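In the text below, chain A, chain B and the rest are named by the order of the sequence lines, each starting its count at 1. Please read these numbers as outputs of a predicted model, since none were measured by experiment.
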Number of protein chains: 2
Amino acid sequence: MQGRQLTRTELDDARRRVVEVAMALVQEEGREACTLRRVAAEAEMSRSTPYSYFADKEALIDAVRAAALHRLSDRCEAAVAAADDLGGRVGALGQAYLDFAFTQTSLYDLIFESHSAGPEHQAAAARYRRLAAGPLGEAEAAGMSTLPAERLGGVLWAATHGLIALRRAGKVDEESFERLLADMREVLAFGFVPRSEAA
Amino acid sequence: MQGRQLTRTELDDARRRVVEVAMALVQEEGREACTLRRVAAEAEMSRSTPYSYFADKEALIDAVRAAALHRLSDRCEAAVAAADDLGGRVGALGQAYLDFAFTQTSLYDLIFESHSAGPEHQAAAARYRRLAAGPLGEAEAAGMSTLPAERLGGVLWAATHGLIALRRAGKVDEESFERLLADMREVLAFGFVPRSEAA
DNA sequence: AAGTCTATTTGACGCTGTCAAAAAGTCGGC
DNA sequence: GCCGACTTTTTGACAGCGTCAAATAGACTT
């Protein structure tokens, strides 16, 4: 109920708080539970105050999606930073990705929910690609990859996400998932020059 | 407003009609537009009659999901049947899959929407796997695959779906999509014994 | 102190999924 | 040929949703 002109950062802070509350709601109670009215209540504002920061619900969800993608990037970045050799970095990237997908399931699903052309989202996606290009670029520079890092990264991302999605949607069971993950490592390793020289 | 005891097939017919209307609604106006009340109206029944056939909305959507998966299988099956050599059959399977994904986008998305453990859904998924195992099994029998058909199929399915999902979610643009599809064919061909013997 | 400008809240609308109660229709027994 | 039992369908009602217009509350300016 305050009436003075808000500073830029005050406004941004409020906006950010709304996104945080919404993200927490998605993560803890699922996509469905993330309703505008609940977000508002939990952020201790009236039900239509979020409309000061977002055009509509979809705009809010878009922001949450971008934030979720940033969080995924954070996890991967940290994991990569903690590893100390090249192999470790590539492995850590993949492991962190899988951990996020199966730990923060609702957020992960949100990230890949259909069409979202906003600039925030594109930026977040670009950041993730750039990040993944790190270890893979190293591999390329070391002459270990038959493909440019960016393209190998795309193939790996697609395959990994696809397998996760199939598992999540119940198209493959737990057992098949594990086996397919191993198979994929085998097959996709072809994107790298023969690791053991004798496969 | 009829009051007599309905035969098994009458009941099934009505149920099927509801599913068909709902599926048409999803395909033509999107997932959001598929509301219970609209389905009921379009099927010319009162708003709560669908509850005679489905426990709740999610149960109806589950049925639509299974039906959509069956339709995808139909398309793939027909495409495979129309091709006459092994290479053609494998290619036709993939092409039909991609066509469906980019043509019936809402239905395709629905298929992979999270968790759906119902038996109808499992059966539909099993049918699709069995179907895909046809051409791939041939390839295996011809000694062209380094993996059992079922496992190679899983890898291909995951990679293909993942790429489609990335494209759909705006994580890769049109251009990257085409390039990655080609890259994936290249890399994944390793699941087959060297096609040209000299890659 | 009055008036202006801005941020927030409140009221209201049409839509949704859902269920209990009412209604409508068909059939078997008399 | 009507009556009561049974089954299916419709209607009424409720809470919750996203959304917007109007009303409100608060802080600056003059």
- Residue list, side-chain contact (heavy atoms from CB on, under 4.5 Å) with B:Val80, at least two apart or on another chain: B:Arg89, B:Leu93, B:Pro135
- Message: Quick check against the 3.5 Å criterion: does B:Arg129 have a side-chain atom that pairs as donor or acceptor with the backbone of A:Lys171?
- Response: yes
- Can you tell me the distance, in whole Å, between the CG atom of B:Leu36 and the C1' atom of C:dC19? 13 Å
- For atom CD of A:Gln5 and atom P of C:dC5, their distance in whole Å: 12 Å
- Query: Counting only heavy atoms not in B:Glu174, do more than 12 sit closer than 6.0 Å to its CD atom?
  - Reply: yes
- Task: Determine yes or no for a side-chain-to-main-chain donor-acceptor pair under 3.5 angstrom, with A:Arg65 supplying the side chain and A:Leu110 the backbone.
- Result: yes
- Query: Cut-off 3.5 Å, side chains only: do B:Asp173 and B:Ser176 have a donor facing an acceptor?
  - Reply: yes
- Scan residues 15-25 of chain B against DNA chain C and write down, sorted by residue number, each residue with any heavy atom closer than 4.0 Å; if none is found, say none. none
- Message: Using only atom types and a distance under 3.5 Å, with no angle test, would you say the side chain of B:Arg151 pairs donor to acceptor with the backbone of A:Arg179?
- Response: no
- Using whole Å, report how far CZ of A:Arg31 lies from C1' of D:dC17. 13 Å
- For A:Ile61 and D:dT19, give me the distance from atom CD1 to atom P, rounded to whole Å. 11 Å
- Round to the nearest Å and state the distance from A:Arg38 atom CZ to D:dG18 atom C1'. 16 Å
- B:Glu120/B:Arg15 under salt bridge (charged side-chain N to carboxylate O under 4.0 Å, His left out): CA gap, chis, key distance, verdict: CA-CA 14 Å; B:Glu120 225 178 338; B:Arg15 196 190 132 106; 3.5 Å; yes
- Note on the structure: One would report the end-axis bend of the helix from C:dA1-D:dT30 to C:dC30-D:dG1, five pairs per end and rounded to 10 degrees, as 30°
Dump the pairs, protein N or O against N or O of nucleotides 13-15 of chain C, anything under 3.5 Å, distances to one decimal.
none

- Task: Measure the distance from CG on B:Leu60 to P on C:dG17 and round it to the nearest whole Å.
- Result: 10 Å
- Worked check of salt bridge (charged side-chain N to carboxylate O under 4.0 Å, His left out) between A:Glu44 and A:Arg17: CA-CA 10 Å; A:Glu44 285 169 322; A:Arg17 215 176 78 238; 5.5 Å; no
- Item | A:Glu77 atom CD, neighbour heavy-atom count above 12 within 6.0 Å | yes
- Query: Tell me: NZ of B:Lys57 to P of C:dC19, nearest whole Å?
  - Reply: 15 Å
- Item | Distance-only donor-acceptor check, side chains A:Ser106 and A:Asp109, under 3.5 Å | no
- Between B:Phe102 and B:Phe177, is the gap from one ring center to the other below 6.0 Å? yes
- Query: Sequence neighbours excluded, which residues qualify as side-chain contact (heavy atoms from CB on, under 4.5 Å) partners of B:Gln122?
  - Reply: none
- Please state how far atom CG in B:Asp56 lies from atom P in C:dC19, giving the value in whole angstrom units. 8 Å
- Query: Sub-3.5 Å donor-acceptor pair from the side chain of A:Arg168 to the main-chain atoms of A:Ala101, do we have one?
  - Reply: yes
- Task: Could you identify which residues of residues 43-55 of chain A place a heavy atom less than 4.0 Å from some atom of DNA chain C, listed by residue number, or say none?
- Result: A:Met45, A:Ser46, A:Arg47, A:Ser48, A:Thr49, A:Tyr53
